[in-house]
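Being a predicted model, the structure only gives us computed values, none of them experimental. Just so you know, ligand 1 is whichever comes first in the structure, and atom 1 is the first atom listed for that ligand.
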Amino acid sequence: MTTERVSVIGSGPAALMAAETLSEAGLGVDIHEAMPSAGRKFLMAGKSGLNISHTGSRAEFAAHYLDHDDRLRDCLKHFGPDEIIAWMDGLGMPAHTGPTGRIFPETMKASPLLRAWLRRLEGRGARLHLKHRWMGWNGDGALVFDTPQGQVTVRPSATIFALGGGSWRRLGSDGEWTAPFQTAGIALAPFRPSNCGFLADWSDRMRDAFAGAAVKSVKLSAGGKETREELTITARGVESGGVYTLSAPLRDEVETQGSATLWLDLLPDLEAADIARRLAAAPAKQSLSNRLRKALKLTGVKAALLFECADREALNDPASAAAAIKALPLKLTGTAPLDEAISTAGGVAWDALDDHFMLKHRPSHFCAGEMIAWDAPTGGYLITACMATGRAAGLGVLAWLRHR
Ligand SMILES: Cc1cc2nc3c(=O)[nH]c(=O)nc-3n(C[C@H](O)[C@H](O)[C@H](O)COP(=O)(O)OP(=O)(O)OC[C@H]3O[C@@H](n4cnc5c(N)ncnc54)[C@H](O)[C@@H]3O)c2cc1C
């Protein structure tokens, strides 16, 4: 056992995996967390089932990351879905794989897993310091924390920052760490919402009648990508699974063009010709709503979307109506606020880090997790990369301490 102590700042999945890697190697670890309890965002992620990873070959898995930095790919190669399943087993939390390949703990919730994880870390001597907010470095390069006992300075052998992105600040991930990083001259990419909702200029009728409605059995596409996950209408626009999956191309389009188009196929299991034929066969004296309902079972929120987004006159022509049903353009006028995003792109620029996740201009200081500028969809890809980079930063510290 060594007397060497390392500070890990943050207590999300990236921090805890870093702490695990260090404590397994016999190092003393101090985990400093600003909030009164650990892993609040991780617990929120597990509220309706903790989707911790996703099945797929290494290449398929890596293809989901929108950043082509080899360092991210390398650490995912060494710690991907198979390793997460084995790690969960080791924690006494067996994994369950859902029908679409999403990996969850059998218990579904994050809380039993987090409790077991913290217990194991404490058993290995890691100390958790809650209500310890890292404020920056003092003139001597020591870490400065605000604590209930006042300001505390710490000078560990090495430090791993795992401070999270810039969304859901009430859970602790407030992005305030960017200020001391900026002052220290560390290159940062601006935070951008990812896996986020979008804004739409709904008519009063659409908003009043359908805010909260789920649009199911639909195909969504944007920027050359498509998904059959559903979307939810909100008072301000759209959100949920399918929208999150397409959020990166939609966000990029909003940023470059000022608005984006989400294309909806309202009847993905019917060909346009079939839809046109059924509409043409409906009695002309029926109202358009009745024809859509009787010939195509197109009712409720789907019919409302059609009336909202298509040229009303053109819908009287069966071929034009079929074309609109198969490719309905929904104009999105902006992204929902950053703080509401499931995750944030941006953060510490890859250029600021060496191959071991150490800050080039701050030797002995490493970074891990969502605070690094990578981007990925939900589906378990976020937490997997947080854990993989946490482990890589932990290994980076071990290598650095060895060769110092
Ligand atoms: C509603 C919701 C659902 C989600 N669902 C999923 C999902 O199903 N699958 C998935 O893969 N991902 C999901 N995510 C995303 C996932 O939770 C995050 O990507 C992940 O938690 C990021 O891990 P992290 O360790 O990098 O940072 P975080 O988990 O954000 O942890 C950072 C920690 O650092 C602390 N901190 C910040 N600043 C300071 C400071 N100055 N001093 C001390 N401590 C500080 C924070 O309090 C926080 O505890 C979801 C997120 C949300 C909000």
Give the intermediate values and the outcome of side chain to side chain donor-acceptor pair (under 3.5 Å) for residues Asp375 and Ser194.
CA-CA 7 Å; Asp375 195 4; Ser194 191; 2.5 Å; yes
Nearest protein heavy atom with distance in Å, relative to atom 19 (O) of ligand 1
Glu370 OE1, 2.6 Å
Identity and distance of the protein heavy atom lying nearest atom 16 (C) of ligand 1:
Ile383 CG1, 4.0 Å
Worked check of side chain to side chain contact (heavy atoms under 4.5 Å, CB included) between Ser259 and Phe198:
CA-CA 10 Å; Ser259 66; Phe198 287 83; over 6 Å; no
With Thr389, which of Thr384, Ile160, Leu353, Leu72 fulfils side chain to side chain contact (heavy atoms under 4.5 Å, CB included)?
Leu72
Heavy-atom pairs closer than 4.0 Å: do any link ligand 1 to the side chain of Ile9, the backbone, both, or neither?
side chain
So is there a nitrogen or oxygen of Ala34 less than 3.5 Å from a nitrogen or oxygen in ligand 1?
yes
Any atom of ligand 1 sitting under 4.0 Å from a heavy atom of Leu163?
yes
Taking the six-membered ring for Trp and the full ring for Phe, Tyr or His, determine whether the centres of Trp134 and Phe161 are under 6.0 Å apart.
yes
Does a sphere of radius 6.0 Å around NZ in Lys47 hold more than 12 heavy atoms from other residues, nucleotides or ligands, not counting ones at 6.0 Å or beyond?
no
Proximal candidate to atom 29 (O) of ligand 1 [heavy atom criterion; set Gly164, Pro13, Ser173]
Pro13
When you check the gap from the basic side-chain N to the acidic O, do Arg277 and Asp274 get nearer than 4.0 Å?
yes
Should Arg169 and Glu340 count as an ion pair when the cut-off is N to O under 4.0 Å?
no
To atom 41 (N) of ligand 1, the nearest of Phe161, Phe104, Phe42, Trp134 on a heavy-atom basis is Trp134
Which atoms from ligand 1 have a heavy atom of Met44 less than 4.0 Å away?
1 (C)
Before accepting this row, confirm whether a basic side-chain N of the pair Glu271/Lys326 lies closer than 4.0 Å to the acidic partner's carboxylate O.
no
Would you mind listing which atoms of ligand 1 come within a distance below 4.0 Å of any non-hydrogen atom of Met35?
47 (O)
Closer than 4.0 Å to some heavy atom of Gly380 - which atoms of ligand 1 meet that?
9 (N), 11 (O)
Using a 4.0 Å cutoff against the non-hydrogen atoms of Gly12, which atoms of ligand 1 qualify?
25 (O), 29 (O), 31 (O)
Would you mind listing which atoms of ligand 1 come within a distance below 4.0 Å of any non-hydrogen atom of Ala162?
32 (C), 33 (C), 34 (O)
Is any side-chain N of the basic residue among Glu20 and Arg120 closer than 4.0 Å to the acidic one's carboxylate O?
yes
Which segment of Trp168 sits under 4.0 Å of ligand 1 when only heavy atoms are counted:
side chain
Between Thr232 and Glu239, do the side chains contain an N or O donor and an N or O acceptor separated by less than 3.5 Å?
no
Nearest heavy atom to atom 7 (C) of ligand 1 wins, so pick from Ile342, Leu16, Leu143, Asn51.
Asn51
Protein heavy-atom partner closest to atom 17 (O) of ligand 1 - residue, atom, separation in Å
Ala45 CB, 3.6 Å
Does an N or O anywhere in Ala15 fall below 3.5 Å from an N or O of ligand 1?
no
Looking at Trp137, is Arg362 sitting on its ring face, NZ or CZ under 6.0 Å from the six-membered ring centre and within 45 degrees of the normal?
yes
shortest atom 15 (C) of ligand 1-to-protein heavy-atom contact is with Leu382 CD1, 3.8 Å
Select one of side chain, backbone, both or neither to describe which atoms of Ser343 lie under 4.0 Å from any atom of ligand 1, heavy atoms only.
neither
Sequence neighbours excluded, which residues qualify as side chain to side chain donor-acceptor pair (under 3.5 Å) partners of Asp69?
Arg71
Quick test of your reading of the model: are Glu253 and Lys331 salt-bridged, counting only N-O distances below 4.0 Å?
no
Presence of salt bridge, Arg228 and Asp269, under 4.0 angstrom:
yes
Part of His132 within contact of ligand 1 (heavy atoms, under 4.0 Å):
backbone
Enumerated ligand 1 atoms positioned under 4.0 Å from heavy atoms of Gly10
33 (C), 34 (O), 35 (C)
For Arg133, state whether at least one heavy atom is located under 4.0 Å from any atom of ligand 1.
yes
Distance filter under 4.0 Å to Gly369 heavy atoms, resulting ligand 1 atoms
26 (O)
Return the closest protein heavy atom for atom 47 (O) of ligand 1 as residue, atom name and distance.
Glu33 OE2, 2.6 Å
Using a 4.0 Å cutoff against the non-hydrogen atoms of Ala14, which atoms of ligand 1 qualify?
25 (O), 26 (O)
